[in-house]
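These notes are about the structure you will find just below.
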There are 2 protein chains.
Amino acid sequence: MMRDTCDETFELADFLPYLLNQAAEASGQEFQTIYKGRYGMLRTEWRVLFHLGIYGRMTAKEIGERAVIHKTKVSRAVQKLAARRFITRERHAADRRFEYLDLTTAGRAAYRDLHEVARQYDARLTSQFSAEETALLRSMLKRLAGGR
Amino acid sequence: MMRDTCDETFELADFLPYLLNQAAEASGQEFQTIYKGRYGMLRTEWRVLFHLGIYGRMTAKEIGERAVIHKTKVSRAVQKLAARRFITRERHAADRRFEYLDLTTAGRAAYRDLHEVARQYDARLTSQFSAEETALLRSMLKRLAGGR
DNA sequence: AGCTAACAGTTGAATTTGTAACTAACAAGG
DNA sequence: CCTTGTTAGTTACAAATTCAACTGTTAGCT
C-alpha cells in the first residue's frame, strides 16, 4: 500500500488547472469590463470579432474550431454581432450550408480599438516579467492549451 | 498619428488573458469529467470540498475570500454538498451569523479520492516540462492571479 | 432519380451563473 | 432598550450556457 511519501506539499493553490483558472479570471477581468462597457460585448462576441479581425473572412465553424468554442455559442455571438452591424453574413453560393462572416466598417473600427487596448493590456501584464520569462510562459500555455 | 510601428506580431493566440483561458479550459476539462462523473459535482463544489479538506473547518465567507468565489456561488455549492451529506453546517454559538462548515466522513473520502486524482493529474500535466519550468510557471501564475 | 448519412448552423428547454434585493444576527451610539 | 449600520448568508429574477433535437443543404451510394 503506497503512502504519501512524496509530494506531501501538494496544495490547492499549486494545482495547475486551479491556478490557471485563477490567473485567467483575474487577468481577464479588467479587459472584460472594457469590451463590455464600451461595446456591450460578451466574451464569445469579442473572440469572434478578433478572429475575423486578425484572420479575415471565415465561417462560424472555422471560428469554433480555432477558438475551441461550441457552435451554439458561436451562433449566438454571430447573431448579436450581426444585429449590431459589426459583421456581415454571406451564404456560400456553391455550398449553401456555409455562411461566410466578415467585419463591417464599424466592426473593423471596434476591432482596431479593442486590439489596441488588448495590446497595451498585454504589455502591462507582461511588464512584471522578463522577456524570457514571458516567452516561456506563452509557450508553456500554448502547450497546455493545445495538448490534446 | 501613431502607426503600428512596433508589435505588429501581436496575435490573438499570444494575448495572455486569451491564452490563460484556453490553457485553463483545456487542462480543466479532463479533471472536470472525473469529479462530475464520479460525484456529480460542479466546479465550485469541488473547490469548496478541497478548501475544507486541505485547510479544515471554516465559514462560507472564508472560502469565498480564499478562492475568490462570489458568496452566492459558495452558498449554492454548500447547499448541494450538504444535501449529498459531504459537509456539515454548524452555527457559531457566540455569533449566530457565522456557520462553520466541515467535511463528513463521506466528504473526507470523496476529498481524498479527488485529491489523489488531482495530484496525479497535476504530475502528468507538468511532466512535459522541467522542474524549473514548472516552478516558474506556477510562480508567474500566482503573480497573475494575485496581482490586483 | 431516390434513399441515407453527414454537415453547417439554429432553436428550445433545462442548468448554471450573475445582480440585486432580501433576511437574520450583531454592534455601537444615544 | 431602541435606532442605525454592518455583516453572513439566502433567495428571486434575469442573463448566459449547455445539451439535445431540429432545419436546410449537400454527398454518396444504389
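All of these numbers come straight from a predicted model, not from anything done at the bench. Chain letters run A, B, ... following the sequence lines, proteins first and then strands; every chain starts at 1.
- In this structure, of D:dG9, D:dT25, D:dT6, it is D:dT25 that holds the atom nearest to the side chain of A:Asp95.
- Contact annotation for A:Lys61: backbone-only contact, meaning every heavy-atom pair under 4.0 Å involves sugar-phosphate atoms and none involves a base.
- In this structure, A:His92 and A:Leu42 both approach DNA chain D, and ranking their closest nucleotides by distance from the 5' end singles out A:Leu42.
- Going from atom CG of B:Asn21 over to atom P of D:dT17 covers 12 Å, rounded to whole Å.
- Put simply, CG on B:Leu81 is 12 Å from P on D:dT10, counting in whole angstrom units.
- As rounded to whole Å, 15 Å separates atom C1' of D:dT25 from atom OH of A:Tyr100.
- Counting non-hydrogen atoms under 4.0 angstrom, A:Thr59 reaches the backbone sugars and phosphates but no base.
- Within the 4.0 Å cut-off from OP1 or OP2 of D:dG9, not a single side-chain nitrogen or oxygen of B:Gln79 is found.
- Listed by first and then second residue, the salt bridge (Lys or Arg N to Asp or Glu O under 4.0 Å) pairs involving residues 62-78 of chain B are B:Lys61-B:Glu65 (not counting sequence neighbours).
- Between A:Lys73 and D:dT18, a side-chain N or O to OP1/OP2 separation shorter than 4.0 Å is present.
- Within 4.0 Å (heavy atoms only), A:Arg43 reaches no atom of the nucleic acid at all.
- Of the residues A:Leu52, A:Leu101, A:Val48, the one that meets the side chain to side chain contact (heavy atoms under 4.5 Å, CB included) test with A:Met58 is A:Leu52.
- One can place NZ of A:Lys71 at 16 Å from P of D:dG24, the figure rounded to the nearest angstrom.
- For B:Thr72, counting side-chain heavy atoms from C-beta on, the closest listed nucleotide (D:dT10, D:dT26, D:dT18) is D:dT10.
- At a cut-off of 3.5 Å, with distance as the only test, no side-chain donor of A:Glu116 or A:Tyr111 sits close to an acceptor on the other residue.
- Checking the phosphate oxygens (OP1, OP2) of D:dT26, no side-chain nitrogen or oxygen of A:Arg91 falls inside 4.0 Å.
- The nearest heavy atom of DNA chain C to A:Lys36 and to A:Ser75 marks one nucleotide each, and the one closer to the 5' end goes with A:Ser75.
- The nucleotide whose nearest atom lies closest to any side-chain atom of B:Glu99 is, among D:dT26, D:dC19, D:dG9, D:dG9.
- On the nucleic acid side, DNA chain C contacts chain B at distances under 4.0 Å to non-hydrogen atoms, with the end points of that region at C:dT16 to C:dC26.
- Using cut-offs of 30° and 60° on the angle between ring planes, the pair A:Phe50 and B:Phe15 is parallel.
- Among the protein residues, B:Ala77 comes within range of no part of the nucleic acid, since none of its heavy atoms lies under 4.0 Å from any strand.
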